[in-house]
Amino acid sequence: MGLNSNRVENFSGNEATIIGVSTPETTPSSPPLEVHRVCLPPKATTFQKLKHRLSEIFFPDDPLHRFKNQTSLRKLVLGLQYLFPIFQWAPEYDRRLFRSDVISGLTIASLAIPQGISYAKLANLPPIVGLYSSFVPPLIYSILGSSRHLAVGPVSIASLVMGSMLSETVSYSQEPILYLKLAFTATFFAGLFQASLGLLRLGFVIDFLSKATLVGFMAGAAVIVSLQQLKGLLGIVHFTTKMQFVPVMASVFKQKDEWSWQSVVMGVGFLMFLLTARNISIKRPKLFWISAAAPLTSVVLSTILVFLLRSKARGISIIGLLPKGLNPPSSNMLYLSGPYLALAIKTGIITGILSLAEGIAVGRTFATMKNYQVDGNKEMMAIGLMNIAGSCSSCFVTTGSFSRSAVNYNAGAQTANSNIVMATAVLVTLLFLMPLFHYTPNVILAAIIISAVIGLIDYQAAFRLWKVDKLDFLACLCSFVGVLFISVPLGLATAVGVSVFKILLHVTRPNTLVLGNIPGTHTYQSLSRYREASRVPSFLILAVESPIYFANSTYLQERIMRWVREEEEWIKENNWSALKCLILDMAAVTSIDTSGIEALVEIRKMVEKRSLKLVLASPVGNVMEKLHKSQTLDSFGLNGLYMTIGEAVADISSLWKCQP
């Protein structure tokens with residue numbers, strides 16, 4: 001009967017097993033092995049499998065676990081805390097937390113007020129809309145948001161995208177009312193899209209904006225934004241509305257006769273002041289308040305300077321009169337039908353995705369620093385609902401700003417109440433301080449924007465991408481060049497396309513490796529990676545490092561047969577033992593479809609024509625189940641399936657030695 005007389009294979013019923021006994025024959029320099037059975041996963045109905053799969057896709061965090069074994073009253077409290085995170089920190093709120101939040105809230109308000117006005121100008125909107133957007137959305141977020149440090153308000157990227165996309169079709173100077181309607185409508189659809197992603201737990205959609213894509217996009221956008229601010233910095237009146245590098249630079253030099261030396265002197269002077277303050281705060285984080293206070297200080301000083309020299313500084317344009325009062329309702333201004341509705345929806349979705357990606361990334365960054373969790377789906381709903389509310393109260397797209405959140409964090413914010421404090425400071429400004437901004441020069445807004453967006457150019461991240469992953473660097477470069485020379489939406493779309501191509505490349509052309517034995521162990525590793533790994537005589541051991549799908553099954557079939565051919569040629573050249581067995585390491589094959597199963601059957605037939613045996617090692621449960629249901633396991637016969645490569649090599653070697 002031989003050494004394998006106790007070996008039993010069973011491919012019927014609920015499990016497929018290979019039961020064996022210890023064998024004295026082993027791999028070179030390895031101790032004896034016991035051949036274990038390979039089992040099918042537990043039986044489950046189609047409904048159970050679907051339920052498990054959907055829960056893994058949409059509820060990986062198991063949000064209902066907190067309600068288990070709780071009383072009805074406790075469940076109600078937990079439900080309120082889950083829907084409204086303010087109920088988590090409000091009951092424990094004390095004077096110490098309040099003091100910290102007041103300091104941080106007032107600090108970010110000093111930054112939010114000038115930035116809000118500046119970013120509204122960047123979106124080609126009235127400056128007052130920027131202040132409106134720094135009042136209502138932070139209040140909504142403080143109730144619904146789960147981040148303690150996220151400072152909410154207008155941001156440069158979303159403002160740039162909205163301004164560039166809308167102004168391509170509608171002139172903000174010739175049709176200001178229509179433009180304003182489209183901006184509010186785009187904000188509404190941005191919020192609706194964001195809230196829908198959170199409600200349906202589809203947050204993985206924004207994962208297609210990879211880190212590489214965002215690095216290139218933000219750098220390109222920062223350059224374009226900075227160049228656009230040359231209009232205010234140089235005092236140019238007639239300037240292009242286009243957002244590409246060539247038209248902007250052409251407009252700058254074409255309008256040289258409009259350059260104002262007063263604007264240049266003031267703009268460059270305050271820009272140097274802002275950049276110096278920023279560098280001081282970067283080098284010495286404890287002095288964060290210097291960069292936080294610099295924008296408001298610049299606004300105050302420049303406004304006083306222009307007011308005192310108003311008779312002599314006629315070359316410097318000013319903001320003008322801003323209306324006092326709270327946000328007027330704007331639900332009646334939503335553009336929900338007409339020829340420009342598609343433009344508003346498209347603008348809303350793109351700005352919604354970008355602002356969502358930025359807001360969640362910023363929130364998670366500071367949550368990691370303080371060792372607490374930010375719920376991505378709740379953040380989507382919070383950001384979405386605050387934009388929906390904002391669209392009905394004269395606000396444009398808002399999200400969590402990195403610069404303001406960094407200041408909020410460094411100022412010692414403890415809860416989302418810092419947003420309420422900031423909103424209160426903005427409220428006071430709206431009610432009482434608006435006349436003070438009458439003489440604020442536009443050039444200072446340009447300087448504030450340039451100093452804010454220059455930090456988005458992360459050349460170190462681009463260098464790391466080049467070192468680590470060339471395809472990621474290509475996506476980054478496409479995003480940067482596309483935004484700079486084509487357009488903001490097309491540049492972003494190009495980068496996403498490159499990222500998707502990278503995914504398809506990995507799926508359709510998966511990696512395969514030839515494995516060898518590490519002497520003295522039962523471990524098998526790549527021959528090209530480990531010099532000490534050695535071939536096992538008469539065996540070709542291949543690892544497939546991806547699921548086997550219809551998209552890659554033909555490629556894998558061809559690539560595996562090429563490995564077999566190359567191995568036979570190598571054996572012939574080196575006078576080694578003839579190849580008898582091909583082992584496929586399936587440990588990394590997490591899934592397989594019908595095309596993949598057919599590919600395995602075809603590979604088995606092709607290797608049998610070469611008088612070789614095909615063996616599968618380390619199949620995962622999902623793959624085992626499908627192979628069993630398709631009756632493919634039956635075709636592999638005796639000694640065709642093993643738990644590990646080591647067991648396969650030891651057992652098959654022992655069988656060969658027992659043969660006469």
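Model, not experiment: these values are computed from the prediction. Position 1 is the first residue of the sequence, and the numbers go up from there. All values below come from the heavy atoms of this structure, side chains included, with hydrogens, waters and symmetry mates left out.
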May I ask you to decide if the ring planes of Y409 and F366 are parallel, tilted or perpendicular, using 30° and 60° as cut-offs?
tilted
Indicate the atoms forming the closest heavy-atom contact of [X] with [Y], along with that distance.
{"X": "A587", "Y": "V620", "value": "O-CG1, 3.8 Å"}
{"X": "V397", "Y": "A190", "value": "CG2-CB, 4.1 Å"}
{"X": "S479", "Y": "G216", "value": "OG-C, 3.6 Å"}
{"X": "T351", "Y": "G348", "value": "OG1-O, 3.2 Å"}
{"X": "P547", "Y": "T590", "value": "CG-OG1, 3.3 Å"}
{"X": "V155", "Y": "G400", "value": "CG1-O, 4.1 Å"}

Side-chain H-bond candidate by donor/acceptor type, Q194 with S355, under 3.5 Å
yes
For Y642 and D651, does a side-chain donor sit closer than 3.5 Å to a side-chain acceptor?
yes
With a cut-off of 6.0 Å (strictly less than), are more than 12 heavy atoms of other residues, nucleotides or ligands near [atom1] of [X]?
{"X": "F550", "atom1": "CZ", "value": "no"}
{"X": "E566", "atom1": "CD", "value": "yes"}
{"X": "F485", "atom1": "CZ", "value": "yes"}
{"X": "F402", "atom1": "CZ", "value": "no"}
{"X": "K502", "atom1": "NZ", "value": "yes"}
{"X": "E569", "atom1": "CD", "value": "yes"}
{"X": "W576", "atom1": "CH2", "value": "yes"}
{"X": "K467", "atom1": "NZ", "value": "no"}

Calculate, to the nearest 0.5 Å, the distance between atoms [atom1] and [atom2] belonging to [X] and [Y] respectively.
{"X": "E567", "Y": "R535", "atom1": "CD", "atom2": "CZ", "answer": "4.5 Å"}
{"X": "C476", "Y": "R464", "atom1": "SG", "atom2": "CZ", "answer": "11.0 Å"}
{"X": "S618", "Y": "E647", "atom1": "OG", "atom2": "CD", "answer": "8.5 Å"}
{"X": "I360", "Y": "L150", "atom1": "CD1", "atom2": "CG", "answer": "10.0 Å"}
{"X": "E598", "Y": "S553", "atom1": "CD", "atom2": "OG", "answer": "8.0 Å"}
{"X": "M561", "Y": "L582", "atom1": "CE", "atom2": "CG", "answer": "8.0 Å"}

If you draw the axis of the six-membered ring of W466, does the NZ or CZ of K470 fall within 45° of it and under 6.0 Å from the ring centre?
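Judged by the rule, K470 and W466 form a cation-pi pair.
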Taking L515's backbone N and O only, do any of them form a donor-acceptor pair with S526's side chain (distance below 3.5 Å, no angle check)?
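Answer holds: no.
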T347 side-chain N/O to A344 backbone N/O, donor-acceptor pair under 3.5 Å:
no
Would you mind reporting whether R562 and R565 have side-chain heavy atoms less than 4.5 Å apart?
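The answer is yes, as the side chains (C-beta and beyond) meet within the 4.5 Å cut-off.
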Evaluate the side-chain contact (heavy atoms from CB on, under 4.5 Å) criterion for residues L600 and M586: first the C-alpha distance (whole Å), next the side-chain angles of each, then the deciding distance (0.1 Å), finally the verdict.
CA-CA 11 Å; L600 286 180; M586 305 281 284; 4.1 Å; yes
